[in-house]
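This is a predicted model, so every value here is computed, not measured. Reminder, nothing fancy here: chain letters follow the sequence lines and each chain counts from 1.
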Amino acid sequence: MTAFRSGRSWRARLAIAGVLTLLGGLVLAAAMQGTLTYARSPADLVDHPGEHARVEGTVVRGTLHQHAGAADFELSRGGTDLHVHADTAPSGIFRDGQGAVVEGTMGTDGVFHADRVIAQHGNRYRGADTVRSGGAGR
Amino acid sequence: MSHPVHHGPATTANARSRLAPLPTPFLTPSLTPLLAGTGTVVGSAVIAVVLAPADAVQGQWQRLMYLHVPAAWLAYLCFAGVLVASCFQLRRPASRLPARWGRAAAELGVAATGVTLLAGSIWGHAVWGVWWAWDARLVSTAVMFLVYLAYLALRWTDGRLPGRAAAGVGVIGFAIVPVVHFSVIWFTTLHQQATLLAPPTKAPPIDPRMAVALGLSVLAFTAVGVLALILRMGLVRTLVARRRAADELRRS
């Protein structure tokens, strides 16, 4: 194989690699559409029945009622509360007063029907021992 | 580190002497840095597992932080190394050293990214309740993993053109690193924002014992990473010298 021919084959391969990278980038950009904004806020959903979305907020203290495999709670962000009914048991460290992301559909009854509840946590870290002795829960 | 490799016509005796049994790579450098590295690792592990408290909200799972965060830091550091090596390679295409450094750094960086993703996934499952989420931090980290796998695929391919293409990827591909780091600020993510490398005005509180454990684990990962690179490059030099010597013997 001459240097010229091998050089040309490499150029062809590089061109193919370039096109593939470009296509990959386009696919990635399309996939990222729902990724750049992982979750919306309750205010975006309140008046949009039938919309399927992910919504984030804080579980309002005292509103969480858990029953066999389901849960009801208020999700709040920016002054807007969203009533959420989840058909699944919440996972992770989900609890009152914590952040959460719910995935589901806004119902015509004004209730957000979640089929997935994901717990969120902040970037503050406190020792379990100091919190217990100080009595300052979150 | 950078002894010039002997290129001139070697005598057969010279070549034979270089074919001496391969020295055990882990005994070649002085023991001091090895002991210092081991000490840092053991010390930080003890502090992370025993002295640092469990988190008030996340419990014991939060200790995965001392694996997840330093692994991500080491990956950033390695990819910065790939960037520097790639720049050197593009400026001096005749030298083989930048390509070797770049390859070694990328291999370590890809492994560190793998550890980051794995530890993060386990942590996410315990705390969020999901192994994976299509949020900007997780997706961009996976893309970073793929970018440097592509770099390595080119690096592992023989030839001058793939080598130069790898250097190109090593330079342009580094753009993903700030995207990964700042994704939690630029976009709405499930992943929480940074704690240690947060903007000073918005630095969130962290238990001082946790901060010490995290700082030490970052130090330990950095030390072991740098040590691994140096050992690796020493081993590569030995292997290259042996191959050259064997070639010379065959020809003579």
Heavy-atom count check: over 12 atoms from other residues, nucleotides or ligands less than 6.0 Å from B:R164 CZ? no
Any sub-3.5 Å donor-acceptor pair from B:D55's side-chain atoms to A:R126's backbone N or O? yes
Chain A contacts, top residue of B:R209, B:H125, B:Q62 (heavy-atom pairs, under 4.5 Å): B:R209
If you apply the rule side chain to side chain contact (heavy atoms under 4.5 Å, CB included), what do you find for A:I118 with B:W128, and how did you get there? CA-CA 5 Å; A:I118 303 169; B:W128 298 335; 3.6 Å; yes
Decide yes or no for A:R116 and B:V130: does some side-chain heavy atom of the first lie under 4.5 Å from some side-chain heavy atom of the second? yes
Walk me through whether B:T188 and A:R40 qualify under side chain to side chain contact (heavy atoms under 4.5 Å, CB included). CA-CA 8 Å; B:T188 312; A:R40 296 153 68 185; over 6 Å; no
Can you tell me which portion of B:A133 sits under 4.5 Å from chain A's heavy atoms? Options are side chain, backbone, both or neither. both
For the CH2 atom of B:W123 and the NE2 atom of A:H121, what is their distance to the nearest 0.5 Å? 5.5 Å
Would you check if A:Q120 and B:V127 make a side-chain contact, meaning some heavy-atom pair closer than 4.5 Å? no
Which atom pair, heavy atoms only, marks the closest approach of B:T189 to A:Y38? CA-CB, 4.0 Å
Is it the backbone or the side chain of B:V143 that comes under 4.5 Å from a heavy atom of chain A, or both, or neither? side chain
What part of B:A126 gets within 4.5 angstrom of chain A, counting heavy atoms only: side chain, backbone, both, or neither? backbone
Side-chain contact test, heavy atoms from C-beta onward, threshold under 4.5 Å: evaluate it for B:I206 versus A:R124 and give yes or no. no
Can you give me the closest heavy-atom contact between A:A128 and B:P53, atom names plus distance? N-CB, 4.4 Å
